[in-house]
Amino acid sequence: MLGVLFYLLYFLIIISTVYFFLKKSIGVIYPLIITSQFNVTSIVKIGITVSFFELNLFLLLALILLFQKQKLKTYLTSVRLFLPDFIWIAFLGVSLISIFFGLTRVALGNLSPEQYMSPSPFIRGIMSLNKLFVFLPVFIIVRNYLIDHFSIEKINSNFLYAMILGGILPSLAVLIQFSGIGFILIHNNPSFSETFRIEDYLGARPAGLTNEASFFVYQLFFSNLALFYAFRKRLLSLKLFLAIAVLFLVCVILSISRLGQLLFFIFYAIEFGRYIHIFSLKGALKSLFILPVVLALIYLISTLSIGGFNIGARFISTFEVEADLSTIERYGSSEALFNLLKDKSLFLGVGMYNFQYYIKDYLPSYMNVLYYPRGASPASFNFVLQMAVELGLILFMAYFAACGLILKKTSCSFIRYWYFYLLLFSMSFQTLNFSIPFLIMFFVYENEENSLFN
């Protein structure tokens, strides 16, 4: 029953978009951001999987097209691009180039895709880029509307508040799921290879409002990032900041996500070092007193057992290749991608989102415990390595060099951290199946004077 209430709440949040839009309120950004973390359920698939976020995005676009007719031409023709936008534009560009090169290599007999897989490599590559084809133009139109009606500072501060709220609701879902009182969710999102099933979460591992605990933690991380920077800019009181930070951290622990434990640990270690200025003499002395307390807390958490798993042992198992079938597949898939890279992609790639047509020939022997029938291949658990294989080493290095230059010229620290942690998460799974990475386009970076975090 509680899951049903969450569905009703999120539909009400979407409907509130109409109210905020007609009132010309900055509140219109809240439903847009908050709905991004409820993606376990697909409402419909129309080329792109439409979950709560996409439904709200298309509703807001429709309102802009309907009620902003006098400025519609401006929104459509006067495209205002900001420096970080070119990270996504360049990704789309190199992806299309790689697909062309991959098809050319197949035509010349240099690549032999598995014949039992469908659809064709070209169709797979184009279909997998659907979020970029849809999100880039729609996001720019919506952002133009926001900039036209509100100050950049107001947009950015409310973006942070919305990101924080967006993380609180799935965190509450995790607490309910962990309690064992039942929480019904419909799992049917084809972006996660899900077929229709209903999960009641009675004795099941908490996963928030997505279908895996690691996905919940991944999305929550960026709400946590917004939380810390909102506090640094004095947009939150200390008490509220601590309350939300503890909620997020507890839910990461309850999710038993090894990836979450690792990335949150890295984040808190960096923030702790920044807070005490660890590289200064005073900061080093402070750490001598604070570090033992932190280590004791980490040890205490590592001794806890949740859902039959010891947190410390589960974290350590991340670095053991044969810890379980999931870990075997993660390491084996990455090793196979690396072997495929050495054999086929040192210069030109196999085409964006086409690695599965070739990877089975490179699987290590210890993956024999797993079976992949004709037409099926292991997933990628390292999107960065996957990109190197699919783009080819030349395009891959050129793209990341361009991203480095863009971020170096971007004086907004919040944006730089967003992409830094997105890169870290991308070393563990396919991060672009979600809406979260693209939301940073609504945090408006223009120049040093009107960037909130300079």
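Numbers here are sequence positions counted from 1.
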- Message: Minimum heavy-atom separation for Leu146 and Ile29, please, with both atom names.
- Response: CD1-CD1, 4.3 Å

Enumerate donor-acceptor pairs with a distance under 3.5 Å from any side-chain N or O in residues 112-120 to protein atoms, sequence neighbours excluded.
residue : atom : partner : partner atom : Å
Glu114  : OE2  : Gly375  : N            : 3.0
Tyr116  : OH   : Arg374  : NH1          : 3.3
Ser120  : OG   : Ile123  : N            : 3.3

- ring pair (Phe, Tyr, Trp, His ring centres under 6.0 Å) with Phe38: of Phe215, Phe53, Tyr10, only one passes, and it is Tyr10

- Query: Do Thr41 and Tyr7 have side-chain atoms, one donor and one acceptor, less than 3.5 Å apart?
  - Reply: yes

- At their closest point, which heavy atom of Arg105 faces which heavy atom of Leu348, and how far apart are they? NH1-O, 2.7 Å

- Note on the structure: Those residues at least two apart in sequence (or on a different chain) that pass side chain to side chain contact (heavy atoms under 4.5 Å, CB included) with Phe231 are Leu238, Phe241

- May I have the step-by-step check of salt bridge (charged side-chain N to carboxylate O under 4.0 Å, His left out) for Asp361 and Lys344, ending in yes or no? CA-CA 12 Å; Asp361 291 336; Lys344 294 293 185 181; over 6 Å; no

- Indicate yes or no for a side-chain donor-acceptor contact from Ser333 to the backbone of Ala379 under 3.5 Å, with no hydrogens or angles considered. yes

- Parallel, tilted or perpendicular: which describes the rings of Phe221 and Phe425, with under 30° parallel and over 60° perpendicular? perpendicular

- Query: Is there a donor-acceptor pair closer than 3.5 Å between any side-chain N or O of Ser98 and the backbone N or O of Ser95?
  - Reply: yes

- Query: Looking at Gln177 and Phe183, what are the two nearest heavy atoms and their distance?
  - Reply: NE2-CD2, 3.4 Å

- Message: Treating Ser334 as the side-chain partner and Tyr331 as the backbone partner, does any N or O pair qualify as donor plus acceptor under 3.5 Å?
- Response: no

- Query: If we ignore angles and hydrogens, is there a donor and acceptor under 3.5 Å between the side chains of Ser42 and Asn188?
  - Reply: no

- Item | Tyr19 atom OH: more than 12 heavy-atom contacts under 6.0 Å | no

- Query: SG/Cys412 to CH2/Trp418 distance, rounded to the nearest 0.5 angstrom?
  - Reply: 11.5 Å

- Task: Measure the acute angle between the ring planes of Phe443 and Phe414, then classify it against the limits of 30° and 60° as parallel, tilted or perpendicular.
- Result: tilted

- Are the side chain of Asn158 and the backbone N or O of Lys154 linked by a donor-acceptor pair below 3.5 Å? yes

- Determine, stepwise, if the pair Tyr372 / Glu329 fulfils side-chain hydrogen bond (donor to acceptor under 3.5 Å, both in side chains). CA-CA 11 Å; Tyr372 301 99; Glu329 187 173 34; 2.6 Å; yes

- Once the angle between the rings of His187 and Tyr201 is folded into 0 to 90°, is it parallel (under 30°), tilted (30 to 60°) or perpendicular (over 60°)? tilted

- Assess the side chains of Gln219 and Ser36: does a donor N or O sit below 3.5 Å from an acceptor N or O? no

- Query: Okay, side chain of Lys131, backbone of Phe438: is any donor-acceptor separation there less than 3.5 Å?
  - Reply: no

- Backbone N/O of Asn144 and side chain of Asp148: donor-acceptor pair under 3.5 Å: no

- For Arg205 and Ser255, the nearest pair of non-hydrogen atoms, with its separation, is NE-O, 2.8 Å

- Query: Between Tyr421 and Tyr417, what is the ring plane arrangement, given parallel below 30°, perpendicular above 60°, and tilted in between?
  - Reply: parallel

- Message: Please find the pair of heavy atoms, one from Val174 and one from Ala207, that lie closest to each other, and give the distance.
- Response: CG2-C, 4.4 Å

- Would the Phe228 and Tyr268 ring centres measure less than 6.0 Å apart? yes

- Of the non-hydrogen atoms in Pro190 and Thr49, which two are nearest, and what is the gap between them? CG-OG1, 3.7 Å

